[in-house]
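Structure first, then comments.
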Amino acid sequence: MKMSQLLIPTLRDDPGEAETVSHRLMLRAGMIRKVAAGIYTYLPLGLRVIRKIEQIIREEMNRAGAQELLMPIASPAELWKETARWDYYGKELLRFKDRHERDFCLGPTHEEVITDLFRREVRSYRQLPLNLYQIQTKFRDEIRPRFGLMRGREFIMKDAYSFDIDESGAKTSYQTMYDAYTRIFTRCGLTFRAVEADTGLIGGDVSHEFMVLAETGEATVAYSNEGSYAANLERAEVLPPSDVDTTPHQPMTPIATPQRRTVDEVTTFLKISPRQLVKTLLYRAGVDTVAVLIRGDHEVNEVKLARLLQVTDVVLADPETVQRITGAPPGFAGPVGLEQVRILADHAIKGMRNVVIGANKADTHYQNANLDRDFRVEQFVDLRNAQPGDPSPRGTGMLSLAKGIEVGQVFLLGTKYSQKMTATVLDDQGKERPAIMGCYGIGVGRTAAAAIEQNHDEKGISWPYPIAPFHAHLLTVSQSERTTDVASRLYTDLMAAGFEVLWDDRGERAGVKFNDADLIGAPFQLIVGDKGLADGVIEMKIRRSGTKSRIAPHELIAHLKTLSLEIGQSAG
RNA sequence: CGGGGCGUAGCGCAGCCCGGUAGCGCGCCUGCUUUGGGAGCAGGAUGUCGGAGGUUCAAAUCCUCUCGCCCCGACCA
């Protein structure tokens, strides 16, 4: 396409509203424009990338035996009330009333709608397995949309739903999707990792997230330096420690710790290591309050705690509750004599001796407190975040932490939705059985943003070949007839050969064109000008490496075909 | 939801403290010259200063309210 006719409003300066690389570059390259917080228009260039990613997803989903359909964005409250998510989903679910005052919402995900379709249309196990997917705009009224397409409120998502008659079939469907996802992100040219994940609001038993490794990621991944173990930090298991402190028990004594509340303040004041201190945190879980004991240098993993207590989320108790239950202001809670609440402890507490804990009295801690002798614990469980250096929970090796962008997630749902919505089929015995479901999502825009996070330099984007908005950026840097003739012929021939070409035919100066080309990031730049033509050549620059070569126009297409195959296969 | 910051021309910003009829750079339009890494000269257009109310002879500037956007945090005692 000719640049003189396309709306590609590139920006010379960084827009003030954008911080992260992908957000900034998408705005500057003229790919997106903001309409409201977390809501964007995709301009022609941005849409081309979106469509490329969608096409790869389509091909791989179809290859995996899934069928594409399209569900509505708006759905009636009744469906959501059947699964109780109308109440459960919270403010992220954008609700509205139609003219007849009926409740509706914009779909943040489509389990209800698809399950409703399934129960109406599918009767027999002979029709299974079934996998239905769509690529569609979703709406989630996020607390804090940010980073452009990375966390929008409105966003394009591929969501797929599988239905099987039994567990083993469901596992096969799950694995098929897992494999398809691996191919999709590989084809998109991303460096990613599939990690074990928590199941959160969607529910279910087994889940993996596909994480693109990048510093700007909002998620943390724990992975083993040996073997294949990798998990979202929310999920990453921590093994009970094997080492046990064997120092002799000392008598417990109170000690004044005026105004020292935090781990840092107390340990500095007492000149001890945080590893000798046990934090006591009070959490509200639904209507209950529980106490959690954790070593001073560890962090409570609230996802693990919520899962253990079988609630959707937990929050730290407010100061009034802490005062009421412990008799002391926050900062001095401890397990000694704490009667009103359950006391849970992280595994690490078990092997500790002579620890410092809060005394349930203002400005006071105890020294040399000991388990069983001085306080009791109802249950020892894995309640903390993994830390670098922790042993891998499976196989050998040590864990490291890295940041990741979650671009896809696969869930084995089980019968959570099919039971609530009575989506049953007859099995080979003529018996009604709820379908076993799986669901599988990919954030399309987020995948594009993640690709930029991984593929850019100070000049701009450097697209992986398979998702680049154009394969080649043709630049005419002279206004002569000869240059225009050669470029015009190249343009036609390249397109006939199947290349997507952006021809910068504007009357701009060379420098402007070079900079825009580097910003937009097509893998190949083809520079046609009088200088090269005098030697019978045009210049080709590979965006990624910056490598320039001179080549005769008639040899270009064959050369590009070879190169694009190499680059395309290795995805850049 | 809490904290911080910002709304002035298409974009990036100054002006606000100390009230006096709105400015810079880029971009845009016209002409000439230029033309291989963001050209030069000359001329030109563009603003409800986010909105409402108030104070004042006079408000972008001071006061009150409000809307929008960005960043951080959302309780780790």
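Not measured: the values here are computed from a predicted model. Lettering follows sequence order; numbering is per chain, from 1. Side-chain atoms are counted along with the backbone in the values below, which use heavy atoms only and exclude waters and symmetry mates.
When heavy atoms are screened at a 4.0 angstrom cut-off, A/Val322 is found touching base atoms of the nucleic acid. When heavy atoms are screened at a 4.0 angstrom cut-off, A/Ala317 is found touching base atoms of the nucleic acid. Heavy atoms of A/Glu299 sit under 4.0 angstrom from at least one base atom. In this structure, A/Phe147 reaches the sugar-phosphate backbone alone: every heavy-atom distance under 4.0 Å involves primed, P, OP1 or OP2 atoms, never a base. Among the protein residues, A/Ile294 comes within range of no part of the nucleic acid, since none of its heavy atoms lies under 4.0 Å from any strand. At a threshold of 4.0 angstrom between heavy atoms, the contacts of A/Leu475 with the nucleic acid are absent.
Annotation: B/G37 and B/C32 have their C1' atoms spaced 25 Å apart (nearest Å). The same atom, C1', is picked in B/G7 and in B/C75; the two are 31 Å apart, to the nearest Å. For the P atom pair drawn from B/U66 and B/A74, the interatomic distance equals 27 Å after rounding to whole Å. Taking atom C1' on both nucleotides, B/A9 is separated from B/G23 by 11 Å, rounded to a whole Å. Going from the P atom of B/A60 to that of B/C49 covers 7 Å, rounded to whole Å. Annotation: B/C26 and B/G3 have their P atoms spaced 41 Å apart (nearest Å). Spacing of P atoms, B/U61 relative to B/U48, comes out at 16 Å, to the nearest Å. B/U35 and B/G44 have their P atoms separated by 27 Å, with the value rounded to a whole Å.
Pairing for B/U48 is absent, judged as Watson-Crick or G-U wobble with the two contacts each under 3.5 Å. Base pairing analysis places B/C13 opposite B/G23; the two distances defining the Watson-Crick or G-U wobble pair are each below 3.5 Å. Applying the Watson-Crick and G-U wobble criteria (two distances, each under 3.5 Å), B/G31 pairs with B/C41. The base-pairing partner of B/A59, taking Watson-Crick or G-U wobble contacts with both distances under 3.5 Å, does not exist among the strands shown. For B/G68, the paired base is B/C6 (Watson-Crick or G-U wobble, both distances below 3.5 Å).
For A/Arg95 and A/Trp80, the positive end is not near the middle of the six-membered ring at less than 6.0 Å and at most 45° from its axis. Cation-pi geometry between A/Arg48 and A/Phe470 is met: the NZ or CZ atom falls under 6.0 Å from the ring centre, inside 45° of the normal.
Distance A/Leu27 CG to B/C70 P: 11 Å, rounded to the nearest Å. Taking atom CD on A/Glu218 and atom C1' on B/A74, their separation rounds to 15 Å, with Å as the unit. Atom CZ of A/Arg24 and atom C1' of B/C71 are 15 Å apart (whole Å). One can place NZ of A/Lys34 at 12 Å from C1' of B/C71, the figure rounded to the nearest angstrom. The distance between atom CD of A/Glu320 and atom C1' of B/C75, rounded to the nearest whole Å, is 12 Å. Remark: C1' of B/C76 and CG of A/Leu293 are 14 Å apart, rounded to the nearest angstrom. With rounding to whole Å, A/Arg151 atom CZ is found 17 Å from B/C69 atom P. Here B/C1 presents its P atom at 19 Å from CG of A/Asp318, a figure rounded to the nearest Å.
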Sort me out a list of protein N/O and nucleotides 12-14 of chain B N/O pairs below 3.5 Å, or just none if empty.
| from | atom 1 | to | atom 2 | distance (Å) |
| --- | --- | --- | --- | --- |
| B/G12 | OP1 | A/Gly16 | N | 3.2 |

Identify the pairs formed between an N or O of the protein and an N or O of nucleotides 2-10 of chain B at a distance under 3.5 Å, and give each distance.
none

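Interatomic distance, CZ of A/Phe524 versus CZ of A/Arg543, reported as 13.5 Å (0.5 Å rounding). Taking CD from A/Glu555 and CG from A/Leu560, the interatomic distance works out to 12.0 Å, rounded to the nearest 0.5 Å. Atoms CZ and NZ, from A/Phe514 and A/Lys541 in turn, are 8.0 Å apart once rounded to the nearest 0.5 Å.
Residues satisfying the salt bridge (Lys or Arg N to Asp or Glu O under 4.0 Å) criterion with A/Arg235, sequence neighbours excluded, are absent altogether. A/Thr326 meets the side chain to side chain contact (heavy atoms under 4.5 Å, CB included) test with A/Leu282, A/Val322, A/Ala328, A/Ala333, A/Leu338, A/Asn360; sequence neighbours excluded. Residues satisfying the side chain to side chain contact (heavy atoms under 4.5 Å, CB included) test with A/Gln379, not counting sequence neighbours, are A/Leu308, A/Arg342, A/Leu344, A/Val381. For the salt bridge (Lys or Arg N to Asp or Glu O under 4.0 Å) test, no residue two or more places apart in sequence or in another chain qualifies with A/Asp505. Applying the ring pair (Phe, Tyr, Trp, His ring centres under 6.0 Å) test to A/Trp503 and every residue at least two apart in sequence or in another chain returns A/Tyr491. A/Arg353 pairs by the salt bridge (Lys or Arg N to Asp or Glu O under 4.0 Å) definition with nothing, not counting sequence neighbours.
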> Base, backbone or nothing for each nucleotide of nucleotides 33-45 of chain B, written B, S, -, heavy atoms under 4.0 angstrom, 5' to 3'?
Replying inline: -BSBBBB------
If you look only at distance, which donor and acceptor atoms sit under 3.5 Å apart when one is on a side chain in residues 30-46 of chain A and the other is two or more places apart or in another chain?
| from | atom 1 | to | atom 2 | distance (Å) |
| --- | --- | --- | --- | --- |
| A/Arg33 | NH1 | A/Leu27 | O | 2.8 |
| A/Arg33 | NH2 | A/Pro9 | O | 2.7 |
| A/Tyr40 | OH | A/His23 | NE2 | 3.3 |

Exercise answer: donor-acceptor pairs, residues 288-296 of chain A side-chain atoms, under 3.5 Å, sequence neighbours excluded:
| from | atom 1 | to | atom 2 | distance (Å) |
| --- | --- | --- | --- | --- |
| A/Arg295 | NE | A/Asp297 | OD1 | 2.7 |
| A/Arg295 | NH2 | A/Asp297 | OD2 | 3.0 |
| A/Arg295 | NH2 | A/His298 | NE2 | 3.3 |

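Among pairs with a residue in residues 310-339 of chain A, those fulfilling ring pair (Phe, Tyr, Trp, His ring centres under 6.0 Å) read A/Phe332-A/His365, at least two apart in sequence or across chains.
RNA chain B is contacted by both A/Val266 and A/Arg146; A/Arg146 maps to the nucleotide lying nearer its 5′ end (nearest heavy atom per residue). Heavy-atom distances to RNA chain B give each of A/Glu19 and A/Asn385 a nearest nucleotide, and the one nearer the 5′ end belongs to A/Glu19.
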